[in-house]
Amino acid sequence: MSRNFIPFLISSLVLLGGLYSCRQPEKKAEQEAEEQSDMTEEARLWADSVYATLSIREQLAQMLMPAVYATADSVSVERLKEYAEGMGVGGILLLQGEAQAASVLADTLEAIRDRYPLSPGFFVAVDAETGLGMRFSDAPLFPWNNRIDSLASEQTFFDYGCEVGRQARITGINMILGPVVDVNREDARGSGVMKMRSLGSNQLRVADLSLAYARGLESQGVASVSKHFPGHGATSADSHNVLPVINTSRDELFAVDLLPFRTVVQNGLSCIMVGHIWAPALDSIRRPASFSPVIINDLLRKEMGFKGLVLVDAVGMGGAKGYTGADAIIAGADIIIAPPDTEKELDRLLQAVDEGRLPLEVIEESCKRILFYKYLNFVNSKRRNSAGTPAATLEERLNIEAPALIRRLSGTSDSI
C-alpha cells in the first residue's frame, strides 16, 4: 500500500474514536495522536496481510458491489451467498425491502466473514438519502433535503448523520451512499433535476451541512459516500435515463459545483461517488465522468488530492450506456456499484488484466485501499449497541430517537 494516503486518513480515525456516540471523548492531544498512529499502522498491516492471501481474481472481486433486495426469502439469501462465497465480492448494495430482512442478510455476511481468519469482510451499503426508510418499510423516513428547514444548523445535520449511522450499525450496514453534495443550479442552465435531493443553491452552505452530516455518519463507524462528482446540479437531464451535460465553464465548476467536494477532500472523508455526467470544460472527450481517467485520476486524485475510495454510480443506469464496470476501474475507480451481471463484470476485469489495460500495480493500490477502509469500518463493529432495551425489536430500536430529530429537521422543534 502506498503510504502517501495514510496521513490523509487521520481525520477519519479521529471520528472513529467516538464510535456509537455523538459526543467525542475528551482526550489529551498526545494520547489521541498516539492512538491514531497505532490504528493507522494496524490498518495498513492488516490490509497488506489480507492482500497477500488473495488471488488476482479475488483482488478484482473486492471491487464489485452487486445489489440484492433486502428480503429474507431463500432466493435473496442464496444469491447473497453466491456473491459472497462463490465470487468473493467486496460488498453488497441492499435494495428495497425491510430492515429486519437486511439485518438477516448482514448476519449471513458476518457469519461468512467469521469463518475465515483473514477474510476481507464486506461493505454492506444502502442508498439512503432520506434515511433507511427510503429503502426499508420498517425504518424511519426523514425529509428530502429540499424540505429540511432552511435554518437547520450544522449541529442538527451532525446529529442527523449520527442517527442514520446508529440505525445503519444496528441493522448491519457500514456504508451509506450519501450525502448528496450537488449544488442546485436552476440559475445556470440546470433544470432543477436535483432540486429535491440537493441541500440548496448556496455552495458554501451545501458544503458545510453535507460535511456535518458525513462526519456524523463516520462518527458511528459508517462510511459516507459524497455524490455525484463533479456535480449534477447544473444539468438538464437525469443520469438514470441519459447522459447529462454540464454546460458551465471550468472556473464556474471550481467555484460552485466542485467546492463541496473540495471540502470532502480537505476533511479526509471516506468515499466519493463519481456520476454519469459529461463535463466538457473538464474533459473534451464526450464520456461520463465515471469512465474518464481525466476526471478520476487527473482531477480528483492528482489535482484535488483525494486519497479515499472512489465509487461509480450504478453501471446499469442510462447515463452509463455503452460502458462497463471494467471501464470505470481502468479509469481509476475503486468500486463498481450494482453491475447488471456481476460474474460477467469480473470476467471483463480479468480480460483487461490479460490484455494489459489494467496494470497489476493499479489493482494492488486499489485493493489495499479498499481493505484499509474495511479495517476502519470493522473495528468495534459488533452492532447491537443501541438506544432501547435489549428486548426491544429492531423496528422499535430504529425508531426510538427519530421522531424528535425529524421535528428538528422540519423546523417544528425549538431544539438546537
Side-chain angles (χ1 to χ4, degrees), residues 20 65-85 89-114 121-145 147 160-180 196-197 213 216-217 220-225 240 314 316 337-338 342 377 381-406 409:
Y20 304 120
M65 184 181 283
V68 174
Y69 282 97
T71 57
D73 58 84
S74 58
V75 173
S76 290
V77 172
E78 288 307 310
R79 181 175 291 115
L80 183 81
K81 288 180 178 178
E82 173 58 23
Y83 285 145
E85 288 191 291
V89 300
I92 296 291
L93 174 65
L94 295 176
L95 302 176
Q96 218 69 25
E98 298 180 346
Q100 185 61 54
S103 183
V104 171
L105 296 179
D107 282 339
T108 302
L109 291 174
E110 197 168 283
I112 292 171
R113 186 190 77 185
D114 289 346
F122 307 93
F123 281 124
V124 184
V126 66
D127 189 3
E129 295 176 20
T130 56
L132 300 191
M134 181 176 174
R135 301 298 175 193
F136 306 148
S137 60
D138 51 348
L141 184 65
F142 292 90
W144 283 100
N145 282 339
R147 297 298 181 91
Y160 182 17
C162 278
E163 175 58 14
V164 173
R166 180 192 71 85
Q167 293 175 19
R169 266 300 180 186
I170 64 173
T171 307
I173 293 161
N174 53 36
M175 178 181 283
I176 295 291
L177 303 187
V180 172
M196 185 168 67
R197 302 166 67 187
Y213 174 84
L217 282 177
Q220 303 302 294
V222 175
S224 66
V225 182
H240 286 89
I337 297 175
T342 305
N377 278 277
S381 65
K382 297 302 180 183
R383 64 178 189 267
R384 300 309 177 188
N385 292 358
S386 172
T389 64
T393 66
L394 177 61
E395 185 172 359
E396 290 170 338
R397 294 161 74 194
L398 289 174
N399 284 274
I400 192 168
E401 297 185 18
L405 180 57
I406 291 171
L409 290 167

Q. Say you draw a straight line from OH of Y83 to OG1 of T342; how long is it, rounded to the nearest 0.5 Å?
A. 4.0 Å
**Q.** Which atom of L217 lies closest to which atom of G178, heavy atoms considered
**A.** CD1-O, 4.1 Å
Q) What distance do F136 atom CZ and T171 atom OG1 have between them, rounded to the nearest 0.5 Å? A) 7.0 Å
**Q.** Validation row: I400, R166 side chains within 4.5 angstrom (heavy atoms)
**A.** yes
Q) Does the pair T108 and K81 meet the rule for a side chain to side chain contact (heavy atoms under 4.5 Å, CB included), with working shown? A) CA-CA 8 Å; T108 302; K81 288 180 178 178; 4.0 Å; yes
(Q) Looking at every heavy atom in both F142 and G131, which two are closest together, and how far apart are they? (A) CD1-CA, 3.9 Å
Q) Do Y69 and V75 come within less than 4.5 Å of each other through their side chains, counting heavy atoms only? A) no
Q: Given side chain to side chain contact (heavy atoms under 4.5 Å, CB included), test I176 with Y213 step by step and report yes or no.
A: CA-CA 11 Å; I176 295 291; Y213 174 84; 4.3 Å; yes
Q) Would you call L93 and L177 a side-chain contact if the rule is heavy atoms closer than 4.5 Å? A) yes
Q: Calculate, to the nearest 0.5 Å, the distance between atoms CD and CG belonging to Q100 and L398 respectively.
A: 9.0 Å
Q.
Side chains of D127 and V225, heavy atoms from C-beta outward: is any pair under 4.5 Å?
A. no
Q) Could you give the distance from CD (Q167) to CZ (R397), rounded to the nearest 0.5 Å? A) 11.5 Å
Q: Kindly check if the number of other-residue, nucleotide or ligand heavy atoms within 6.0 Å of CZ (R197) is above 12?
A: yes
Q. Between E129 and Y160, what is the shortest heavy-atom contact and its length?
A. O-OH, 3.7 Å
Q: For P66 and G91, work out which heavy atoms get closest and say how close.
A: CD-O, 3.2 Å
Q | Distance, nearest 0.5 Å, that separates CZ of R135 from CG of L95 | A | 7.0 Å
Q.
Whether the side chain of Q96 engages the backbone of M134 through a donor-acceptor N/O pair (distance < 3.5 Å, no angle test) should be reported.
A. yes
Q.
To check you understand the geometry: which heavy-atom pair defines the closest contact between A99 and D138, and what is its length?
A. N-OD1, 2.6 Å
Q.
How long is the straight-line distance from CD of E401 back to CD1 of I406, given to the nearest 0.5 Å?
A. 12.0 Å
**Q.** Donor-acceptor pair, side chain of R169 and main chain of G221, under 3.5 angstrom
**A.** yes
Q. Can you name the closest pair of heavy atoms from A101 and A72 and give their distance?
A. CB-N, 3.5 Å
Q. Taking it one step at a time, do L105 and I92 satisfy side chain to side chain contact (heavy atoms under 4.5 Å, CB included)?
A. CA-CA 10 Å; L105 296 179; I92 296 291; over 6 Å; no
